[in-house]
Amino acid sequence: MYRPKEIEKKWQEFWKKEGAFEPAEAHEAPKMYVLSMFPYPSGRIHMGHVRNYTIGDAIARYHRKMGRNVLHPIGWDAFGMPAENAAIKHKVHPKKWTYENIDYMRKELDALGLSFSHDREFATCDPVYSKWEQSFIIDMWEKGLLYRKKAAVNWCPNDQTVLANEQVIEGRCWRCDTEVVQKEIEQYFLKITDYAEELLADLSKLEGNWPNQVIAMQRNWIGKSEGLSFAMQLDEESAQKAGAESFEVFTTRPDTIYGVTYAALAPEHPIVKTLLEKNLLDSDAAAKICAMQNQNARTRQQAEKEGLFLGLYAIHPLTGAKIPVWVANFVLTEYGSGAVMAVPAHDERDFEFAKKYDLPIKYVIKPKEGELDTSKAYTEPGILFDSGEFSGLESQEAKKKIIAYFEEKGLGKRTINYRLKDWLVSRQRYWGTPIPLVHCKKCGIVPEKKENLPVTLPEDVEITGEGNPLELHPTWKKTTCPKCGGPAQRETDTLDTFVESSWYFLRYTTPSRYWEEVPFRKEDTDYWMPVDQYIGGIEHAILHLLYSRFFTKVLRDLGYVDLDEPFKRLLTQGMVLKDGAKMSKSKGNTVDPDEIVERYGADTARLFILFAAPPAKELEWSDAGVEGAYRFIKRFWDRSANAKPTQTLPKIDHRSLSKEEKLARKKVYEALQKSKDVYEKHYAFNTLIAACMEALNALSDQKNEDVWTEGYWVLTNLLEPIIPHVSWEIADRLFGRANFAPIEVAKEALEDEAVTLAVTVNGKRRAEIEVAKDASKDAILAAAKEAAAKWIEGKEIVKEIVVPGRLVNIVVRG
RNA sequence: GCGGACGUGGCGGAAUUGGUAGACGCGCCAGAUUCAGGAUCUGGUGGGAGCGAUCCCGUGGAGGUUCGAGUCCUCUCGUCCGCACCA
C-alpha cells in the first residue's frame, strides 16, 4: 500500500539528519551550480514557487546522482514593502513578520522534498548580509559609481516612495498599481549607464543559453542608437529671447538633414522654461505649454500630437535656411537632448505634426525603384536628392559622409545614445538596507567607516505608512562624522531591494562560517561561478537579471570576482494557470500547495507539475491530471513487488527473451537514453516521464523477474529527481540504493533483430513489412513490392527509396 | 509601430538531420471486479464513409521546394508576451 505521508516524512528526516545535500567544500569534483530564484517571504508558497523549485530540484538531483559536486541553495529576498504594509495593517514589526514567514515557508519547501543546502541559507535582511552590501556600496560611492543628484523621479503616492524606471509599468507602480507622479528630490543613483555598452555587447555571449525573448527585451531596454548630434544655432534675435546661442539635437538619420523644415523642443526644455520665465509668450501659449508639462508620461503617450510655434528661428547648419522652432508634446525631455530636428518628409511623427500645423514638407530621399509617394512620410533608406553635394548617394553612404563632414567642420559629432538610465537605488522606506553614508555639515557626504558596518536598522519604530520611519526616529540618525568626528546625521534612505538580489548568488558559494569575515571567498566564486542553470519567472527579464549582470561586472572591476556574466544558462518557467488565467488571490483561482501535498504527497505534486507541460510553457492546473499523477505513482509502487532485491544489475541473456520481455527492456533503456538530453539539455521532463510510463506499461506486459528487477533498477534512478521520496524508498528496499549512480545503456536491448518498415506509394502509407535488421536493400524492396502489390500493379515504377529503419517509398506513374 | 514566442484530437501535450502524425496522460465509451459509491484492472477512442477487409480527409489558411512537409521557403490569418512618440 502506497502511503506517501510515511515515506515522505521518513526520507525528509533522513536527508536532514545526513545533511545529504550539502556540497563538498573541496573544489575537486566537477561542479554544478543550480539556482532557482529565491523567494520573497510573503507568508506562504504558491504554485509558481512549487514549479520553480521542482524544476531546479530535478536538475540538481540528477547531477548529484551523476557524481557532480552540486550547489543548490535557497535563501530569502527578505527586505521590501509587504513587511511594512503588514506592520501598518496588523501592528506587527516587519522583522518579526519576515522571520516568521521564513520559518513557515521553509517548512513548506521542506515538505516538497527539495534538496537544498541548508548550511548556506540566509535572509537578505540578516545584518551580516547588510554588512557586505554596505561595504560594496561604499566602494561604489568612492569610485563614483554611486552618486546623488536632484532629479525628477517617479513617485508612488501610495507607497510614499520613489520608483526606478524599471518599476514603473505603463505609468503605474509595479507593486501596488497606483498611478505614478513626477517629483523632484535628491536621490542616489548607480551608474549602470557606464556599463551600457558592455551589458549590451555581452548579451551575445548568452545567446543560445538564454531565451531569445529575454535577450531581446534587454537589448531593447538598453536601446542603443547611433547617429549625429549637433548644435542648432539660433538667429540673433532668437538667441537673445531664448538666452541661449543654440540647442543640441540628435538624429539617427543624418542622411535626411536637407529635409529639415522645423525643429521641436520638449515642453521641459530649458529654452522653453526661459521663455516662460521671461514672459515672452502670450498667456494662451504659456497655459498650453504648462498643460503639456503637467501631463504625466502615460497620458502624454496617448495624447494627440500638439505644439506651438515659439517665435524663434534656428539656422540650418548646412543650407543656412531659417528653421522655425516649435515646442511639441511628442518630444521626450529625458531622451537625447530633449530637442529634435524635424524631417516631416521622412519621419512619421514629424509628418503628422507638420500636416496638423501646416508646416512645409521637403522630400530629399527617394526609393531606389518606384515612385515617391508624397501622401505620407517615406521612412525607408533610398537615394538622396536636393541635398547639395550629397545628392545621388545612398542613405547608408550619405550618413557616414554627412557625419564626417560635420566632424570635419566642427559642427557636430557622431554620437551613441542609450535608452538605459542610471538606476535609482534610494528608497524612503524603513525595511531595507540602510545606505551607509553620513551627512556632515563640514565634510559633506561621507561614507561610514567599514569597521563600523553594518549600519543596522533601529528596532523601536512605529510604522504608520506616512513618511520615512528612519527620518522620524528620535535618535537613530544622530551620529558623528567618520572624517572629522563632529556631529553628523545618518542618511535615512534605504536601498532598493533589487540591490540585495543583485549579488546573493555569489554569497551562496562560500560556506556560512566565513560570512562574518568576507562577503564570499574568491576561491569559492572562482570554482562555483557562473551559475550553471538559473531558473525563474519571465517577470525578472529586465529588472533583476539586468541589475545582477551589472553588479557582477562592477564587483569584477572592484576586484571581488573574476567573472563577466553571472548566469550561464537561464530557464524562464511559464506561469501556472487555472481556468486559463494566472492563479491569483484576487481572482480566487488559487490552488494551495500545502493541500495538494497533504492529500496526495509531494511526489504527486512534483510529478504533475513536471508532466503537465514543458517547463518554459504555461501550465494549466488540472485536478484530474493530479489524480493521474497519483495513479502512476501508486502503480509504480505496487508493481515494484515484481522486482527482487539485489545489489547488482541482473545479467540478462537478451536473445533468450520473449517478444514482450525484449520490448520491456527496450522501453526501459530508451527511457534511460532519453534522460541525458532531458536533464542536461532541453529539460522536457514531460517526455521523460512519458517514456518511463511507457516502460512501466511494457514491463507489466511480461513476467520475467530479472527484467522487472532491471526495469526498477533503471526507473527508480531516472525518476528519483522527479519523485524522490518514493524512488528512494523503492531503491532502498530493493537495491540499497546501489543503483543511484550512472547506469550504462544495455545496447543489445535497443537493437531489434527485426524492424517494421512502413511501405508508402507516392508518399501515401499503404502497408507495413517486417524485415531482418540487416536485410539487404533488394530484399526490403522485394518485400515492400509484395506488400504494396495492390497499388503498384500495372503501373511504372519511377523511383524506389529505402530509409533504413524507417520506411520504403515507391514512386509510380500511370 | 518594433521585438519575441506560438498555432497539432474533446483537453494538456509527443513527433532526431524532412521519413509510419497524434507517444504519454486527462476525459469519454465498453467490459471485469466490488453490497453500493469510490478505487483498481482490461480493451477502445482524430474526423468522415462502409456489415466488413478497406477507402477518403486531416497539424490555422493559400501557394512552393521534395520521392516524401507538422518540420524547409513565400505570402496570409489569428493568439499570447514585452517595449512603445526613443528622433
Side-chain angles (χ1 to χ4, degrees), chain A residues 169-170 211-221 223-225 227-229 249-253 256 263-264 266 297 300-305 328-332 334-343 346-350 352-353 379 417-420 538-539 541-542 572 574-575 577 607-608 611-614 616-629 631-632 634-635 638 674 677 684 686-697 700 756-768 790 798-812:
Chain A
I169 315 294
E170 288 180 1
N212 289 334
Q213 193 191 178
V214 175
I215 292 175
M217 282 165 76
Q218 292 211 358
R219 268 207 187 105
N220 185 260
W221 190 263
K224 180 181 183 176
S225 59
L228 168 71
S229 64
V249 296
F250 171 72
T251 179
T252 55
R253 293 293 306 272
T256 66
R300 197 187 288 186
Q301 225 175 77
Q302 293 160 344
E304 200 192 326
K305 288 193 178 35
N329 66 345
F330 71 87
V331 182
L332 306 172
E334 66 273 13
Y335 183 76
S337 55
V340 296
M341 64 172 219
V343 186
H346 304 293
D347 181 282
E348 276 164 23
R349 293 153 303 171
D350 297 348
E352 194 186 326
F353 192 81
T379 57
N417 254 316
Y418 298 93
R419 271 182 244 184
L420 182 70
I538 185 80
E539 66 272 20
I542 298 173
T572 49
M575 284 189 299
L577 310 180
L607 180 64
F608 168 72
F611 183 55
K617 262 187 109 164
E618 292 179 334
L619 184 153
E620 174 70 32
W621 187 265
S622 155
D623 292 329
V626 176
E627 292 277 355
R631 275 200 292 271
F632 171 74
K634 253 200 302 196
R635 276 199 296 275
D638 290 342
K674 194 175 190 71
D677 275 357
N686 52 332
T687 63
L688 177 63
I689 295 165
C692 290
M693 287 172 167
E694 283 186 70
L696 185 62
N697 291 344
S700 306
T756 305
L757 301 181
V759 180
T760 60
V761 178
N762 288 352
K764 265 193 203 309
R765 184 176 170 278
R766 293 301 183 186
E768 242 174 34
K790 197 172 149 188
V798 190
K799 204 166 180 179
E800 292 160 338
I801 292 137
V802 177
V803 184
R806 291 278 171 190
L807 55 71
V808 180
N809 190 23
I810 299 165
V811 185
V812 296

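Everything numeric in this text was worked out from a predicted model, so none of it was measured. Each chain gets a letter, A, B and so on, in the order the sequences are listed, and its residues count up from 1.
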- prompt: Taking atom P of B/rU79 as reference, at what distance in whole Å does atom CD of A/Glu618 sit?
  reply: 15 Å
message: Could you tell me how far apart A/Leu332 (CG) and B/rC85 (P) are, to the nearest whole angstrom?
response: 6 Å
message: Under 3.5 Å for both donor-acceptor distances, Watson-Crick or wobble: does B/rU33 have a partner, and if so which one?
response: none
- prompt: How far, in whole Å, is B/rC6 from B/rG60 if one measures between their C1' atoms?
  reply: 12 Å
Watson-Crick/G-U partner (both atom distances under 3.5 Å) of B/rG27: B/rU45
field: Length of the CD-P vector between A/Gln218 and B/rC2, whole Å
entry: 23 Å
query: Partner of B/rU17 by Watson-Crick or G-U wobble geometry, both contacts under 3.5 Å, or none?
result: none
Euclidean distance for P, B/rC80 against B/rG12 (whole angstrom): 15 Å
query: What do the steps show when you test A/Ser225 against A/Asn417 for side-chain hydrogen bond (donor to acceptor under 3.5 Å, both in side chains), and what is the final call?
result: CA-CA 5 Å; A/Ser225 59; A/Asn417 254 316; 5.5 Å; no
message: Any base atoms under 4.0 Å from A/Gly628, or only sugar-phosphate, or nothing? Heavy atoms, all strands.
response: sugar-phosphate
message: Strictly by Watson-Crick or wobble contacts shorter than 3.5 Å, is anything paired with B/rA87, and which nucleotide is it?
response: none
task: Could you tell me whether A/Asp347 contacts a base, only the sugar-phosphate backbone, or nothing, with contacts defined as non-hydrogen atoms closer than 4.0 Å?
output: nothing
message: Could you measure the distance from the NZ atom of A/Lys224 to the CG atom of A/Leu420? Nearest 0.5 Å is fine.
response: 13.0 Å
Euclidean distance for P, B/rU59 against B/rC72 (whole angstrom): 15 Å
field: Under 3.5 Å on both distances, the Watson-Crick or G-U partner of B/rG70
entry: none
- prompt: Contact class for A/Pro211 vs. all strands (heavy atom < 4.0 Å): base, sugar-phosphate, or nothing?
  reply: nothing
- prompt: To the nearest Å, how far apart are A/Met693 CE and B/rA14 P?
  reply: 14 Å
message: Can you check the distance between B/rG3 and B/rU76, where both ends of the measurement are the P atom (answer in whole Å)?
response: 15 Å
With the criterion being N/O to N/O and under 3.5 Å, what pairs connect the protein with nucleotides 27-34 of chain B, and how long is each?
| residue | atom | partner | partner atom | Å |
| --- | --- | --- | --- | --- |
| B/rG27 | OP2 | A/Arg631 | NH2 | 3.4 |

query: Taking side chain as C-beta onward, heavy atoms only, is A/Asp347 less than 4.5 Å from A/Arg253?
result: no
query: Is the CD atom of A/Glu348 crowded by more than 12 outside heavy atoms at less than 6.0 Å?
result: no
- request: Sort out the partner of B/rC75 for me: Watson-Crick or G-U wobble, both distances under 3.5 Å, none otherwise.
  value: B/rG61
statement: In Watson-Crick or G-U wobble terms, with both distances under 3.5 Å, the base opposite B/rG52 is none
Upstream residue (5' side of RNA chain B) when A/Ile801 and A/Gly625 are each assigned their closest nucleotide: A/Gly625
message: Can you tell me how far apart CD1 (A/Ile689) and CZ (A/Phe632) are? Round to the nearest 0.5 Å.
response: 8.5 Å
- prompt: What interatomic distance, in whole Å, is found between P of B/rG63 and the corresponding atom of B/rG58?
  reply: 11 Å
message: When you compare the side chain of A/Arg765 with that of A/Leu807, does any pair of heavy atoms fall below 4.5 Å?
response: no
Which pairs, protein N/O on one side and nucleotides 20-23 of chain B N/O on the other, fall under 3.5 Å?
| residue | atom | partner | partner atom | Å |
| --- | --- | --- | --- | --- |
| B/rU20 | O2 | A/Arg765 | NE | 2.7 |
| B/rU20 | O2 | A/Arg765 | NH2 | 3.2 |
| B/rU20 | O2 | A/Glu768 | OE2 | 3.4 |
| B/rU20 | O4 | A/Thr756 | O | 3.4 |
| B/rA23 | O2' | A/Glu694 | OE1 | 3.3 |
| B/rA23 | O2' | A/Glu694 | OE2 | 2.8 |

message: Heavy atoms from C-beta onward define the side chain here; which of B/rG13, B/rC85, B/rC67 lies closest to that of A/Arg349?
response: B/rC85
message: Can you tell me how far apart OG1 (A/Thr379) and CG (A/Asp350) are? Round to the nearest 0.5 Å.
response: 11.5 Å
query: What integer distance in Å separates A/Phe632:CZ from B/rG12:P?
result: 23 Å
query: Within the side chain of A/Asn329, is there an N or O that forms a donor-acceptor pair under 3.5 Å with the backbone of A/Glu304?
result: yes
message: By nearest heavy atom, map A/Asn762 and A/Val340 onto RNA chain B; which one lands nearer the 5' end?
response: A/Asn762
task: Would you mind reading off the distance between A/Arg766 atom CZ and B/rC56 atom P, rounded to a whole angstrom?
output: 5 Å
message: Say we look at B/rA14 and B/rC77: how far apart would their C1' atoms be, to the nearest angstrom?
response: 26 Å
- request: Say whether, by atom type as modelled, one donor and one acceptor occur between the side chain of A/Thr760 and the main chain of A/Val808 under 3.5 angstrom.
  value: yes
message: Across nucleotides 4-10 of chain B, 5' to 3', mark each nucleotide with B, S or - according to how protein heavy atoms within less than 4.0 Å reach it.
response: SS-----
task: Taking the six-membered ring of A/Phe330 (Phe, Tyr or Trp), confirm whether the NZ or CZ of A/Lys305 is under 6.0 Å from its centre and within 45° of its axis.
output: yes
field: B/rG47 to B/rG22 separation - P atoms, rounded to the nearest Å
entry: 14 Å
query: Taking any strand in view, what nucleotide pairs with B/rA39 in a Watson-Crick or G-U wobble way, both distances under 3.5 Å?
result: none
field: B/rC67 base / A/Asn809 side chain donor-acceptor hit below 3.5 Å
entry: yes
message: Looking at A/Arg635 and A/Met693, would you say the former's side chain and the latter's main chain have a donor-acceptor pair under 3.5 Å?
response: no
query: Taking the same atom, P, in B/rU45 and in B/rG52, what whole-Å distance lies between them?
result: 14 Å
task: Rounded to the nearest angstrom, tell me the gap between atom CG in A/Asn697 and atom C1' in B/rG43.
output: 14 Å
- request: Measure the CZ-CD1 distance between A/Arg766 and A/Ile810 for me, rounded to the nearest 0.5 Å.
  value: 11.5 Å
query: Rounded to the nearest 0.5 Å, what separation is found between the CD1 atom of A/Ile538 and the CE atom of A/Met575?
result: 10.5 Å
Beyond-backbone contact of A/Leu619 with A/Phe608, side-chain heavy atoms, under 4.5 angstrom: yes
message: Categorize A/Lys764 for me: base, sugar-phosphate, or nothing, with a 4.0 angstrom heavy-atom threshold over every strand shown.
response: sugar-phosphate
- prompt: Whole-Å distance between B/rG3 P and A/Ile542 CD1?
  reply: 16 Å
message: Going by the glycosidic torsion and a 90 degree boundary from 0, is the base of B/rG58 oriented syn or anti?
response: anti
- prompt: Between CH2 of A/Trp621 and CG of A/Leu577, what distance do you get to the nearest 0.5 Å?
  reply: 12.0 Å
